[in-house]
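To keep things clear, I will list the structure first and then write my remarks on it.
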Amino acid sequence: MNKHLAYEETIACVQCGYCLPSCPTYVTLGKERYSPRGRIHLVKMVAEGKLSLDDISDSLELCLGCRACEDVCPTNIKYGKIFESYKVEKTENEQMPFIEQFVMQKVLPNKFWMQILSHSLEWYQKTNMDKLVRKSSILSIFPEQIRTFEGITPSITSPKKKHRDSQVFKSKEKPKARVGFFTGCVMDVFFARVNDLSIKLLQYAGYEVVMIKEQTCCGALQHHSGDKSFAKKLAKQNIAVFEKHDVDYVVNSIGGCGAMLVEYDELLADEPEWVSRAEQFAEKSVDISVLLNKSSLPFVKEIKETVTYQPSCHLRNVQNVKHEPIELLTSIPGIRYLPLPDMEMCCGSAGIYNLVHYDTAMKILDEKMDNVKSVAPDIIVTSNPGCHLQMCLGVKRAGLEKKVKVLHLVELLAEACNIHETL
């Protein structure tokens, strides 16, 4: 018996099939081995010694980890725990590629390297080097997915470090609460403006916002890659530095990172000296939409657009934040909100899934865009950087670039509040 796999969770599955329609890979690929109950059964077979990890790797590696199956499961199977146990076991049995390990352990958690990346991309765009590269044949030497995502890289504006580190941003009125703002690593490279606008909105909503210099990467990408020990290291660092600032909430604008933060207690459940601290941190962690929805934002501008919403899977399925973003959207003056059919279905981004499993991710995305076309929105609203980039790519693949914009929820709210300047 393989004691490292989540065997007890697998035997609790009654194989009812309620999860099948919720699973993007099953719906797209149409095979039982690419469904949640199929994967659960395969992990169970490995735990019992009837199959090897190699026998099931093609099935499990194509899982998006969106955890939509958990949301519909009548017996509350913890699929995420089963999937995580497979990833950890696989990583411990196979050496992680050097480049992947370097990026996960040395680049993402290191603010120096992330600032270098941010400034380099900003220079690349401001000097029009990106346009020259696209006109040349240089990109042809790179894989298709790299060429594709280079073409939809958002406009990069590096955060003004002197205005960010260890600053306290006072509320516009008597503060309702004191919040520590979690910036994220990738978020602060590609969407630093969204982070800045988030802080402004929180101020306008009556919160005192604390920026914490020592915070680091949330550990989500490392954890999803099976590097649990390093994810724990990052979690402990974040818990320790946020504890020092006595905040009421830990707030972020990143669906994926937020899901990692609220599960720090589960990540550190086997370390007695950290359990209580992790539980307190997880209880304080909240998506920005939850706090803003409790407030009365000072809307001063009508936005007469048709809007639909593509939720972050981890915001919806892990953090259980389903209604707040929609309630915020519908509160904006002038907005015509139309629900996106099958909005709960993953867009195919899933961290770096769309880079590693590009073809499958594109099939899932194209089905998502068929639903977008049926709604014909002016704006697609997102709540996670990966989803944002994936939907930008979907708009481009569907030939809708002149008709449809993709905005983070924070950007639309800031527009309605006439907030344009960054920190």
Side-chain angles (χ1 to χ4, degrees), residues 1-53 55-91 220 223-226 228 231 255-256 258-270 275 278-279 282 311-322 342-348 350-351 353 360 364:
M1 182 69 68
N2 188 321
K3 297 181 180 179
H4 300 292
L5 294 172
Y7 182 67
E8 293 299 322
E9 284 73 14
T10 67
I11 61 176
C13 176
V14 297
Q15 298 285 301
C16 66
Y18 275 93
C19 57
L20 300 183
S22 71
C23 178
T25 53
Y26 176 77
V27 170
T28 301
L29 302 176
K31 293 184 179 180
E32 180 73 18
R33 68 185 290 106
Y34 301 122
S35 72
R37 74 174 181 185
R39 291 177 172 122
I40 290 171
H41 181 68
L42 289 173
V43 171
K44 179 173 179 286
M45 296 285 280
V46 173
E48 293 174 346
K50 297 174 182 177
L51 291 175
S52 69
L53 285 175
D55 292 330
I56 70 170
S57 63
D58 69 310
S59 169
L60 272 293
E61 290 301 315
L62 279 181
C63 176
L64 291 144
C66 68
R67 293 170 63 175
C69 50
E70 290 186 12
D71 194 48
V72 299
C73 180
T75 54
N76 298 314
I77 300 297
K78 300 297 183 185
Y79 176 82
K81 188 172 182 180
I82 298 170
F83 184 53
E84 174 208 318
S85 72
Y86 159 78
K87 297 294 285 189
V88 171
E89 183 74 353
K90 184 174 184 293
T91 300
H223 193 222
H224 299 331
S225 297
K228 188 173 182 178
M260 187 68 198
L261 300 180
V262 301
E263 292 196 327
Y264 273 1
D265 54 340
E266 294 188 19
L267 179 66
L268 298 171
D270 59 348
V275 171
E279 287 174 349
S312 154
C313 293
H314 283 174
L315 180 62
R316 175 185 171 86
N317 302 325
V318 181
Q319 298 188 67
N320 199 33
V321 176
K322 300 177 181 179
D342 294 331
M343 70 162 67
E344 67 281 355
M345 196 69 75
C346 182
C347 66
Y353 185 99
T360 302
I364 293 169

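What you are looking at is a predicted structure, and each value in this text was computed from that prediction instead of being measured.
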Using side-chain contact (heavy atoms from CB on, under 4.5 Å), reason through Y353 and C63 one step at a time and then give a plain yes or no. CA-CA 9 Å; Y353 185 99; C63 176; over 6 Å; no
I'd like to know if K322 pairs up with E344 as an ion pair, taking the criterion as any Lys NZ or Arg NE/NH1/NH2 lying under 4.0 Å from an Asp or Glu carboxylate oxygen. no
What's the separation between atom CG in D71 and atom OH in Y18, rounded to the nearest 0.5 Å? 14.5 Å
Please identify which of these residues, K44, K78, R39, K81, meets the salt bridge (Lys or Arg N to Asp or Glu O under 4.0 Å) condition with E9. K81
Distance-only, no hydrogens or angles: does the T360 side chain make a donor-acceptor pair with backbone N or O of L62 under 3.5 Å? no
Heavy-atom side-chain proximity of V46 to L5 below 4.5 angstrom: yes
A side-chain contact here means heavy atoms from C-beta on lying under 4.5 Å apart; do E84 and K228 qualify? yes
Heavy-atom closest pair, residues A68 and S22: CB-O, 3.7 Å
Quick one: CD1 on I364 to SG on C346, what's the gap to the nearest 0.5 Å? 6.5 Å
Is there a donor-acceptor contact under 3.5 Å from the side chain of N317 to the main chain of H314? no
Mind checking the NE2-CZ spacing from H224 to F83? Nearest 0.5 Å is all I need. 8.5 Å
Ignoring hydrogens, what is the shortest heavy-atom contact between Y26 and S35? Give both atom names and the distance. CD1-CB, 3.6 Å
Apply the side-chain contact (heavy atoms from CB on, under 4.5 Å) test between C13 and each candidate in I77, I82, V43; give the one that qualifies. I77
Exercise: do E61 and Y86 side chains pair donor with acceptor under 3.5 Å: yes
Please find the pair of heavy atoms, one from P24 and one from L64, that lie closest to each other, and give the distance. CB-CD1, 3.5 Å
Are C23 and P36 close enough that some pair of their side-chain heavy atoms sits under 4.5 Å apart? yes
Nearest heavy-atom neighbours spanning G256 and S312: N-OG, 4.1 Å
Y7 and E48 side chains, donor-acceptor separation under 3.5 Å: yes
Considering all heavy atoms, the nearest C19-R37 contact: SG-N, 3.7 Å
Looking at R67 and E70, is there a salt bridge between them, counting it only when a charged N and a carboxylate O are closer than 4.0 Å? yes
CG on L42 to CD on E32, rounded to 0.5 Å: 9.0 Å
V321 side chain near R316 side chain, heavy-atom distance below 4.5 Å: no
4.5 Å side-chain heavy-atom contact, D342 and V27: no
Would L268 and E279 count as a side-chain contact (heavy atoms from CB on, under 4.5 Å) if you check the C-alpha gap in whole Å, the side-chain angles of each, and the deciding distance to 0.1 Å? CA-CA 9 Å; L268 298 171; E279 287 174 349; over 6 Å; no
Looking only at heavy atoms, what is the nearest atom pair of T25 and Y34, with distance? OG1-O, 2.8 Å
A side-chain contact here means heavy atoms from C-beta on lying under 4.5 Å apart; do M45 and I56 qualify? no
